[in-house]
Amino acid sequence: MKTRSEPAEAGPAAPARPPLVRELLLVAGLFLVYELGRRLATGHTAGAFRNARHVRDWEHVVRLPDESTVQSLLLHGDTLIHAANTYYAAVHFPATLAFLVWLYLRRPAHYVWARRTLAAVTGAALVLHLLFPLAPPRMLHATGLIDTARVFGPSVYGPPRTGQLSNQFAAMPSLHFGWALMLAIGLIVATRSRRRWLWLLHPLATLLVIVGTANHYWLDVIVAAALLGLALTVIRVPHRPRYALPHRRPEVRRRAAAKPHEPVGAGR
């Protein structure tokens, strides 16, 4: 007579994947808020340049490195600076979208956490864009920096008043860096590979690109990191579910317990 196997202990249920249509609308809304924040800061030219001079003064007070140091490294060759401009223009949105899609398909709980965190950071950035319009360093002649995208290409910006794609006076904070850092943190938390820490190369490369191309100040990066840190303290990281291994059948356990252990080296 066969003995029925004992049922496995029920572990935490795998998190349900959120409805696809709702998430598509939410993510689309997130990207629209990003663009809205940049566009709403337009029309504040005088304030944006005044704030830019203040930012430069604050960076000198706290002895931050000069942005020209990074740009001089990129200007050693046309290929390098063109690659940096391409990275700035082409990687930001696709990388973030791919990150969210992968989490949605493979780590639903982490997807919800990441989406909420990105939404919180983007919303806070929208407020700062409105309250503190800021001209990027490439527009401030006192920096001595050049507009690498305009000189070497490719560029996603037109003249400030044309309204192409996004407003250029929304430099503080840098959502390029904030989103890139969240991407790295999210993949480090959601995966278990020993090489997962290499994801930090993405925000590092983003940092060098946005500063070296004169699109952002160091303070833009610091404020973005601070906003992300604050969001991560409020929005808790989900725990990955662990599933209990099924129990052996009773007769298998009895046989294993009754079988004498063979001494090491026996039979030699």
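The structure presented is a predicted model; accordingly, all values stated were derived computationally and were not measured.
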_Test side chain to side chain contact (heavy atoms under 4.5 Å, CB included) applied to L200 and I188, step by step_ = CA-CA 9 Å; L200 290 172; I188 290 171; 3.8 Å; yes
*Using modelled atom types only, decide if a donor and an acceptor are shared between the side chain of N51 and the backbone of F132 within a distance under 3.5 Å.*
no
*Once the angle between the rings of Y111 and Y104 is folded into 0 to 90°, is it parallel (under 30°), tilted (30 to 60°) or perpendicular (over 60°)?*
perpendicular
_pair H82-T79: side-chain heavy atoms closer than 4.5 Å_ = no
_Looking at R150, is its backbone amide N or carbonyl O close enough to the side chain of D147 to form a donor-acceptor pair, meaning the two atoms are under 3.5 Å apart?_
yes
*Working for side chain to side chain contact (heavy atoms under 4.5 Å, CB included), residues R53 and L140*: CA-CA 8 Å; R53 289 188 288 270; L140 197 63; 4.2 Å; yes
*Among T117, L175, L118, V223, find the residue that satisfies the side chain to side chain contact (heavy atoms under 4.5 Å, CB included) test when tested with L228.*
T117
*Under a 4.5 Å side-chain heavy-atom rule over Ile, Leu, Val, Met, Phe, Trp and Tyr, are F93 and M182 clustered together?*
yes
*Compare every heavy atom of A84 with every heavy atom of L74, then report the nearest pair and how far apart it is.*
CD1-CB, 4.0 Å
_Using modelled atom types and a 3.5 Å cut-off, is there a donor and acceptor pairing between side-chain atoms of R138 and backbone atoms of N215?_
no
*pair V209-V91: side-chain heavy atoms closer than 4.5 Å*: no
*Roughly how far, to the nearest 0.5 Å, is NE2 of H216 from CG of L207?*
10.5 Å
*Transitively linked via ILVMFWY side-chain contacts under 4.5 Å: F99 with L24?*
yes
_Shortest non-hydrogen separation from A180 to T206 and the atoms involved_ = CB-OG1, 3.6 Å
*asked:* Testing the basics here: between P137 and A214, what is the closest heavy-atom pair and its distance to 0.1 Å?
replied: CG-O, 3.3 Å
*Check whether more than 12 heavy atoms from other residues, nucleotides or ligands sit under 6.0 Å from atom CZ of R22, and answer yes or no.*
yes
*How close do A171 and D220 get, heavy atom to heavy atom, and via which atoms?*
O-CG, 3.2 Å
_Between I81 and L208, is there shared hydrophobic-cluster membership here, with clusters defined by ILVMFWY side-chain heavy atoms closer than 4.5 Å?_
no
*asked:* Any heavy-atom pair between the side chains of F152 and L75 that's under 4.5 Å?
replied: yes
*Going from CG on L181 to OG on S174, what distance comes out if it is rounded to the nearest 0.5 angstrom?*
10.5 Å
*Do the side chains of L134 and V62 join up, straight or via other hydrophobic residues, at under 4.5 Å, putting them in one cluster?*
yes
*Verify, without hydrogens or angle tests, whether H176 (side chain) and Y88 (backbone) share a donor-acceptor contact under 3.5 angstrom.*
yes
*Can you list the steps and then say if E67 with R56 is a side chain to side chain contact (heavy atoms under 4.5 Å, CB included)?*
CA-CA 10 Å; E67 289 83 2; R56 290 282 294 177; 3.1 Å; yes
*asked:* Could you check whether any side-chain N or O of E59 sits under 3.5 Å from a backbone N or O of P65, counting only pairs where one atom can act as donor and the other as acceptor?
replied: no
*Could you state whether L73 and Y87 fall into the same hydrophobic cluster, counting links through intermediate Ile, Leu, Val, Met, Phe, Trp or Tyr residues with side-chain heavy atoms under 4.5 angstrom apart?*
no
*asked:* Please determine whether side chain to side chain contact (heavy atoms under 4.5 Å, CB included) holds for the pair L183 and H202, giving the CA-CA distance in whole Å, both sets of side-chain angles, and the decisive distance to 0.1 Å.
replied: CA-CA 8 Å; L183 184 153; H202 175 50; 4.0 Å; yes
*Interatomic spacing from CH2 in W218 to CG in L64 - rounded to 0.5 Å*: 8.5 Å
*Looking only at non-hydrogen atoms, find the nearest pair between W113 and G186 and report the distance.*
CZ3-CA, 3.8 Å
*asked:* Other residues, nucleotides and ligands only: do more than 12 of their heavy atoms fall within 6.0 Å of CZ on R106?
replied: no
*Search all heavy atoms of G212 against all heavy atoms of T148 and return the closest pair with its distance.*
O-CG2, 4.1 Å
_Using the ring-ring contact (aromatic ring centres under 6.0 Å, His included) criterion, which residues pair with F177? Sequence neighbours excluded._
none
*Interatomic spacing from CG in L145 to OG in S72 - rounded to 0.5 Å*: 9.5 Å
_Nearest-0.5 Å distance that lies between atom CD1 in I210 and atom NE2 in H92_ = 9.5 Å
*Which residues pass the side-chain hydrogen bond (donor to acceptor under 3.5 Å, both in side chains) test with Y217, sequence neighbours left out?*
none
*asked:* Is there a side-chain hydrogen bond (donor to acceptor under 3.5 Å, both in side chains) between T122 and W179? Walk through the geometry before answering.
replied: CA-CA 9 Å; T122 305; W179 285 17; 3.1 Å; yes
_Enclosure of H60 NE2 (heavy-atom neighbours >12, cutoff 6.0 Å)_ = yes
*Can you check whether S193's main-chain N or O pairs, donor with acceptor, with R196's side chain at less than 3.5 Å?*
yes
